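See structure below.
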Amino acid sequence: MEERYKPKKIEEKWQRIWEEGKSFQVSENSRLPKYYLLEMFPYPSGQIHMGHVRNYSIGDVVARYKRMRGFNVLHPMGWDAFGLPAENAAIERGVHPSIWTEENIIYMRNQLKRMGLSYDWEREVATCNPEYYKWNQWIFLKLYERGLAYKKISSVNWCSSCETVLANEQVIDGLCWRCDTPVAPKELEQWFFKITAYAEELLQDLDQLAGWPEKVLLMQRNWIGRSEGAEFDLPVGGRRDLKVRVFTTRPDTVFGMAYAVLAPEHPLVDRLLDGSGERAEVERFRAEVLKQSEQERTAEDRPKRGLRLSARVVNPFNGAQIPLFIADYVLMTYGTGAIMAVPGEDQRDWDFAKVHGLDIIETVRRPQGWTGEAYTGDGIKINSGFLDGLAVADAKRRAIDWLVERGIGEATVNYRLRDWGISRQRYWGTPIPILYCEGCGIVPVPESELPVELPQDVPFTGKGGSPLLESQRFLSASCPKCGKPARRDTDTMDTFVDSSWYFLRYLSPKLDSAPFDPDKAGYWMAVDQYIGGVEHAVMHLLYARFFTKVLRDLGLTKVGEPFTNLLTQGMVCKETYRCGEHGWLFPGEMIGSEKEGWRCPQCGRAAEQGRVEKMSKSKKNIVDPEELITAYGADTARLFTLFAAPPEKDLEWSAQGVEGAYRFLTRLWRFVAQHRKALASASSDLNPTELSQNIRDLRRLIHRTIKKVTDDIEGRFHFNTAIAAVMELLNALSLSVKDEAIWKDGAPLIKAGVEAIVVLLYPFVPHMASELWENLGHQRGLEEIRWPAYSLEALEEERLLIVVQVDGRVRGKITVPPDASKEFIEAEALADPKVKGFLRGKEVRRVIQVPRRLVNIVSEG
RNA sequence: GCCCGGAUGGUGGAAUUGGUAGACACACGGGACUUAAAAUCCCGAGGAGCCGCAAGGCUCCGUGCCAGUUCGAGUCUGGCUCCGGGCACCA
């Protein structure tokens with residue numbers, strides 16, 4: 001064994017051994033219980049970043065740990081390979097998206113392999129391969145057959161100069177990111193998946209997900225946004241043929257209705273106009289509203305803008321004619337696109353009524369001393385006709401009954417969740433398998449003709465709509481029904497479609513007769529542990545849950561929830577530097593020094609140290625994992641990211657922290673190298689003669705460390721504290737080996753301690769642990785070794801330290817035998833000289849004991 | 001704006017169920033080794049103050065801010081401040 005730790009050499013060695021030995025390939029044919037571990041697959045952007053290093057290091061700990069616990073672990077990896085950056089690279093650098101993507105995958109796969117991650121690479125998938133996206137198309141057709149895929153008009157961000165659709169991130173302050181032209185909405189007919197058909201089930205089933213973080217469940221619940229209420233019609237004054245259907249969650253407040261509001265886009269608005277003057281005003285108002293984002297329109301701190309129409313509507317409950325408005329704070333996408341407004345009991349309506357000088361009628365008695373504006377709490381109904389005297393909940397029911405009896409309304413459940421728009425006017429995605437025939441209309445591409453492949457020969461200009469429109473070969477087809485010429489749909493699918501079922505494709509990645517093998521899904525599903533960034537807490541996870549339910553209803557899998565346990569990891573952050581004039585600076589490009597201060601290379605002015613932010617290219621605070629691995633090795637990179645913070649918290653990058661992780665590994669290496677010979681001759685049995693106190697303490701520490709590391713990995717993924725415990729054990733062993741007496745009687749224990757460290761560290765730093773294990777004389781690799789057990793007997797404390805408080809403040813400490821009685825401990829505590837001092841002249845009122853920990857003596861009432 | 005989180009020494013963090021705040025590590029300071037430096041090893045340390053020649057001992061304050069519950073609060077409750085994630089075409 002070499003004296004020096006050479007990570008490059010040993011990491012290459014073990015990676016080769018794992019690869020040649022196919023150590024991590026798994027099949028369904030195992031007597032062991034299955035464990036499906038999944039990490040969110042990366043977008044192949046070019047290089048892995050620290051977020052990936054963190055995500056996959058966490059995952060690999062779990063994978064290797066679970067194998068040691070005797071599970072048949074499926075741990076796959078693949079590529080979320082469709083997306084905008086590839087198309088941007090094509091536009092900016094003239095590389096074809098498929099080539100750019102393929103090169104990135106090759107490079108990044110190599111980087112992941114150099115991290116020593118225990119994937120079954122035989123199962124790798126890339127969503128941009130026709131063998132994969134064929135099944136996106138197949139699933140689309142199944143959804144279409146079931147009425148779960150449909151077309152409707154919706155608006156997109158349109159740059160009139162580039163004549164193209166922009167993604168939200170390509171719109172900067174309302175302007176096109178390429179040409180600074182103001183972006184305007186444009187109405188297009190687009191494909192939607194009817195996720196709302198599953199809204200109730202998606203909500204209900206959250207209750208089954210005990211293994212998900214509470215905050216994610218809450219975010220999903222709020223996103224789905226179920227609200228119960230009523231829908232009913234308001235007749236338009238003097239227009240027998242017209243009525244406005246409104247949705248409200250507060251049917252009990254109908255007697256407080258001061259006015260009604262339509263969304264400016266509401267189709268009924270045009271039919272309510274009186275003359276060209278009003279039409280022009282409405283057009284002007286609509287144009288203003290269109291400039292605002294939905295977020296701006298609904299912001300509670302902005303003035304609510306509205307336009308009063310000449311038409312009036314009738315409150316069916318009391319026959320009152322009330323004003324009708326169009327206003328920005330009512331959205332066409334929620335409810336019926338129209339509301340009744342009750343300023344007394346709704347703050348938005350209250351704000352609006354104040355601005356427009358409208359009546360405010362209170363319909364719920366305010367509590368004593370109420371000073372607020374709109375009152376949304378419970379109470380007794382007033383000013384409400386037949387509802388007077390009822391509580392809010394009863395009044396809601398009575399009001400709905402009243403509506404139902406007269407046939408003008410009904411109880412409804414409304415969701416904030418909207419259908420999922422999947423159309424994208426782009427090239428680098430899955431083509432939507434639909435044809436348009438002049439005679440037959442919309443015709444799905446027959447299954448037998450899938451996949452509809454992306455054509456290679458298209459220009460990438462960033463202008464003029466989807467590149468697919470430029471390919472005649474792609475565009476023209478013949479109608480499968482009548483054989484006449486037909487035109488292909490040129491939209492491609494949202495990339496969230498790809499990632500909504502990839503975890504199923506891993507189960508049979510090469511199958512060409514179905515998206516996945518139902519038998520294999522029966523064995524592997526659901527995913528036992530899913531690990532990825534918090535930023536996916538709502539959308540990706542909701543879409544994947546939706547797809548799983550649809551695939552279940554298609555009879556392909558039995559599970560209704562894809563991910564049993566979820567770990568959402570925090571982001572990787574680092575400090576930033578910027579120049580007042582030239583913006584963000586790379587630490588490496590600054591001039592000057594740490595002592596005299598860093599300066600901007602362009603203007604020489606002092607660089608301000610900005611705050612710690614999420615690593616991103618734009619803020620120039622990225623650290624390339626490649627350099628890290630080259631300089632220190634994969635084990636150090638892994639150890640640092642796992643030790644610096646618990647997984648769910650943000651991780652702050654620290655060059656010194658990396659240095660520290662490396663130093664620990666070096667120290668461990670040196671320790672084993674120095675004592676290897678002595679350890680080799682140590683027997684593995686302890687001398688049965690009486691052990692000294694020091695040796696008994698060391699034995700307890702070893703077992704306590706095994707327990708601590710086990711509990712930290714198993715229960716809560718707190719790898720930082722697990723590693724800290726191992727460090728403590730190494731510190732203790734380092735002291736022990738200096739003690740002749742311990743060597744004499746306890747050599748086997750030192751050996752057991754070193755081996756425990758190596759085995760416990762294997763999930764974290766597998767290369768180093770494997771190399772040390774081999775050097776300790778073991779023939780079988782750690783892949784075949786079981787996780788160590790601890791002995792309860794060895795954990796037994798020989799004496800307990802009890803803290804003694806007087807009136808809640810620590811005043812003394814006593815040591816007692818572990819089986820000491822309450823009475824004994826109380827007597828000892830009261831007898832402690834320091835405690836006595838604090839009790840002098842005071843009366844003991846009561847004594848509180850926490851078993852094995854603490855005594856609190858309360859002296860005054 | 002709305003929804004969801006977070007804040008603990010000079011720094012990252014620990015304290016798992018309301019019971020010794022600061023484990024482990026980094027940075028720092030001191031010492032050993034060395035001709036010297038690096039590396040390594042050992043020691044110290046939350047802040048303020050007090051007692052003592054010294055070793056050492058003692059007191060108060062302290063987990064973003066303000067209240068509250070409790071014998072006891074980093075942990076629970078209410079109200080704030082600041083920072084971050086998501087908000088439906090980034091993935």
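Since we're looking at a predicted model, the values are computed, not measured. So that the names make sense, note that chain A is the first sequence line, chain B the second, and so on, each numbered from 1.
Among the protein residues, Arg426(A) comes within range of the nucleic acid bases, having at least one heavy atom under 4.0 Å from a base atom. Contact annotation for Asp650(A): backbone-only contact, meaning every heavy-atom pair under 4.0 Å involves sugar-phosphate atoms and none involves a base. Within the nucleic acid shown, Phe664(A) has no heavy atom closer than 4.0 Å to any nucleic acid atom. At a threshold of 4.0 angstrom between heavy atoms, the contacts of Ser734(A) with the nucleic acid are absent. Residue-level contact check: Arg221(A) touches neither bases nor backbone, having no heavy atom under 4.0 Å from any strand. Across all strands shown, Thr495(A) has heavy atoms under 4.0 Å from sugar-phosphate atoms exclusively, and none from any base. Heavy atoms of Gln170(A) sit nowhere under 4.0 angstrom from any nucleic acid atom. Among the atoms of the strands shown, base atoms are found under 4.0 Å from some heavy atom of Leu854(A). At the heavy-atom level, Val810(A) lies under 4.0 Å from the strands shown only through sugar-phosphate atoms. Looking at heavy-atom distances under 4.0 Å, His540(A) makes no contact with the nucleic acid at all. Using a 4.0 Å heavy-atom cutoff across all strands shown, Gly421(A) reaches sugar-phosphate atoms only and no base atom. Gln295(A) comes within contact range of at least one nucleobase, with a heavy-atom separation under 4.0 Å. Contacts of Arg846(A) with the nucleic acid, taken as non-hydrogen atoms under 4.0 Å apart, include base atoms. If you check every strand for non-hydrogen atoms under 4.0 Å, Ala644(A) touches sugar and phosphate atoms only.
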Chi angles and distances behind the ring pair (Phe, Tyr, Trp, His ring centres under 6.0 Å) call for Trp501(A), Tyr132(A): CA-CA 11 Å; Trp501(A) 67 281; Tyr132(A) 186 93; 4.6 Å; yes
Yes or no on side-chain hydrogen bond (donor to acceptor under 3.5 Å, both in side chains) for Tyr543(A) and Asp494(A), after CA distance, side-chain angles and deciding distance? CA-CA 11 Å; Tyr543(A) 294 146; Asp494(A) 181 5; 5.3 Å; no
From CA spacing to verdict: side-chain hydrogen bond (donor to acceptor under 3.5 Å, both in side chains), Tyr334(A), Ser227(A): CA-CA 11 Å; Tyr334(A) 185 78; Ser227(A) 59; 3.2 Å; yes
Dump the intermediate steps for ring pair (Phe, Tyr, Trp, His ring centres under 6.0 Å) on Phe640(A) and Tyr632(A), then the final yes or no. CA-CA 11 Å; Phe640(A) 165 71; Tyr632(A) 294 97; 9.7 Å; no
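Electrostatic pairing of Glu92(A) and Arg178(A) counts as a salt bridge here, judged by a charged N lying under 4.0 Å from a carboxylate O.
At A14(B), one or more side-chain N or O atoms of Asn720(A) fall inside 4.0 Å of OP1 or OP2 (strictly under the cut-off). OP1 or OP2 of C89(B) lies within a sub-4.0 Å distance of a side-chain N or O belonging to Arg424(A). Phosphate contact (OP1/OP2 of C41(B), side-chain N/O of Arg670(A), threshold under 4.0 Å): present. For Arg853(A), no side-chain nitrogen or oxygen approaches OP1 or OP2 of G19(B) to under 4.0 Å. Dashed line: the shortest gap from a side-chain N or O of Asn168(A) to OP1 or OP2 of C87(B) is not under 4.0 Å. Distances shorter than 4.0 Å separate some side-chain N or O of Arg716(A) from OP1 or OP2 on A15(B). Of the side-chain N and O atoms in Lys649(A), none sit less than 4.0 angstrom from OP1 or OP2 of G12(B).
The base of C3(B) does not come close enough to the side chain of Asn222(A) for any donor and acceptor atom to sit less than 3.5 Å apart. Side-chain to base pairing of Arg845(A) with C71(B): no donor and acceptor N or O lie closer than 3.5 Å to each other.
Searching all strands for a Watson-Crick or G-U wobble partner of A36(B) with both distances below 3.5 Å returns nothing. When both distances must be under 3.5 Å, the Watson-Crick or G-U wobble mate of G18(B) does not exist.
Taking for each of Gln805(A) and Arg416(A) the nucleotide of RNA chain B with the nearest heavy atom, the 5'-most of the two is the partner of Gln805(A).
The distance between atom CD of Glu87(A) and atom P of C89(B), rounded to the nearest whole Å, is 16 Å.
For the atom pair Thr430(A) OG1 and Asp498(A) CG, the distance stands at 4.5 Å (nearest 0.5 Å).
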